[in-house]
Amino acid sequence: QVRLVESGGGLVQAGGSLTLSCVSSGRTFSRVNMGWFRQAPGKEREFVAVIARSGTDTYYADSVKGRFTISRDNAKMTVYLQMNRLKPEDTAVYYCAADDSSTYYSTTYHAYEYWGQGTQVTVSS
């Protein structure tokens with residue numbers, strides 16, 4: 001019922017910035033918590049950030065705190081991830097995901113029912 005389409009990935013030099021976007025085709029976008037995850041080759045998918053339905057509560061992984069900002073525009077049915085001061089270790093495929101079940105937001109990928117196709121972010125040094 002919820003389909004997510006991501007864009008904004010690319011190649012950037014260390015210290016640079018990128019903004020990822022994820023557009024939802026679902027009509028209940030405002031009812032779901034939206035999260036960002038990432039996965040590097042050979043590694044498990046890891047939590048990056050989440051924003052609650054209201055758009056007022058956010059939580060970030062320690063590795064990105066102070067550098068990444070998650071936001072949402074319910075009118076546009078879009079969630080964003082602003083990434084600043086990028087590091088080579090940020091290189092991964094980034095996925096947006098929708099949590100339609102949790103009362104409060106979750107940092108575990110098992111809680112998310114819908115996923116985007118992923119967009120590659122590569123940070124060079």
Side-chain angles (χ1 to χ4, degrees):
Q1 195 65 50
V2 178
R3 189 173 72 180
L4 307 174
V5 180
E6 303 165 347
S7 62
L11 175 64
V12 65
Q13 193 174 70
S17 299
L18 282 174
T19 299
L20 306 182
S21 299
C22 178
V23 180
S24 174
S25 62
R27 294 186 295 273
T28 59
F29 179 80
S30 63
R31 301 179 185 178
V32 299
N33 302 313
M34 295 296 300
W36 286 95
F37 292 77
R38 65 187 182 185
Q39 187 168 23
K43 296 187 64 178
E44 187 175 282
R45 188 173 303 180
E46 66 174 345
F47 167 79
V48 176
V50 62
I51 186 166
R53 299 173 179 88
S54 65
T56 59
D57 294 326
T58 60
Y59 186 78
Y60 300 90
D62 289 342
S63 59
V64 305
K65 284 181 180 177
R67 299 189 299 119
F68 291 11
T69 302
I70 187 171
S71 61
R72 67 191 295 163
D73 187 334
N74 288 346
K76 297 181 178 180
M77 297 192 296
T78 302
V79 62
Y80 306 93
L81 185 68
Q82 175 66 50
M83 305 183 293
N84 299 319
R85 302 191 303 279
L86 284 161
K87 305 174 181 179
E89 50 262 46
D90 294 320
T91 296
V93 177
Y94 283 70
Y95 301 89
C96 67
D99 173 8
D100 195 32
S101 301
S102 301
T103 301
Y104 303 103
Y105 57 78
S106 175
T107 62
T108 61
Y109 70 86
H110 301 283
Y112 292 79
E113 292 85 7
Y114 305 98
W115 293 83
Q117 80 287 351
T119 185
Q120 177 70 47
V121 173
T122 302
V123 184
S124 63
S125 60

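Worth saying up front: this structure is predicted, and the values here are computed from it rather than measured.
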Heavy-atom check, side chain of E46 versus side chain of R38, under 4.5 Å: yes
Chi angles and distances behind the side chain to side chain contact (heavy atoms under 4.5 Å, CB included) call for D90, R67: CA-CA 11 Å; D90 294 320; R67 299 189 299 119; 2.7 Å; yes
Worked verdict on L11 versus Q120 for side chain to side chain contact (heavy atoms under 4.5 Å, CB included): CA-CA 8 Å; L11 175 64; Q120 177 70 47; over 6 Å; no
Nearest-0.5 Å distance, CG of residue L86 to OG of residue S125: 12.5 Å
Residues which pass side-chain contact (heavy atoms from CB on, under 4.5 Å) with A14, listed by chain and number, not counting sequence neighbours: P88, V123
Hydrophobic cluster of Y95, others only, ordered by chain and residue number, side-chain cut-off 4.5 Å: F37, F47, V50, Y59, V93, Y105, Y109, Y112, W115
Validation row: M34, L4 side chains within 4.5 angstrom (heavy atoms): yes
Under the side-chain contact (heavy atoms from CB on, under 4.5 Å) test, residues paired with Q82 that sit two or more places apart: S17, T19, T69, N84
Main-chain N/O of S30 paired to R53 side chain as donor or acceptor, under 3.5 Å: no
Shared hydrophobic cluster for Y80 and Y114 (ILVMFWY, side-chain gaps under 4.5 Å): no
Geometric cation-pi criterion, R72 with F29: 6.0 Å, 45°: yes
From CA spacing to verdict: side chain to side chain contact (heavy atoms under 4.5 Å, CB included), E113, V2: CA-CA 9 Å; E113 292 85 7; V2 178; over 6 Å; no
For the student: nearest non-hydrogen atoms of S102 and Y104, plus distance: CB-O, 2.9 Å
Interatomic distance, D57 atom CG to I70 atom CD1 [nearest 0.5 angstrom]: 12.0 Å
Listed partners of T108 passing side-chain contact (heavy atoms from CB on, under 4.5 Å), at least two apart: S106, A111
ILVMFWY network linking V121 to V23, side-chain heavy atoms under 4.5 angstrom: no
Main-chain N/O of K76 paired with T78 side-chain donor or acceptor, under 3.5 Å: yes
Point-to-point distance, once rounded to the nearest 0.5 Å, from CG of L20 to CG of L81: 5.0 Å
Test log, rule salt bridge (Lys or Arg N to Asp or Glu O under 4.0 Å), inputs K65 and D62: CA-CA 5 Å; K65 284 181 180 177; D62 289 342; 3.0 Å; yes
Pairs meeting criterion disulfide (SG to SG under 2.5 Å) with involvement of residues 91-125, two or more places apart: C22-C96
Listed partners of T119 passing side chain to side chain donor-acceptor pair (under 3.5 Å), at least two apart: none
Steps toward side chain to side chain contact (heavy atoms under 4.5 Å, CB included) verdict (T107, Y60): CA-CA 9 Å; T107 62; Y60 300 90; over 6 Å; no
I51 versus S71, closest heavy-atom pair with distance: CD1-CA, 3.7 Å
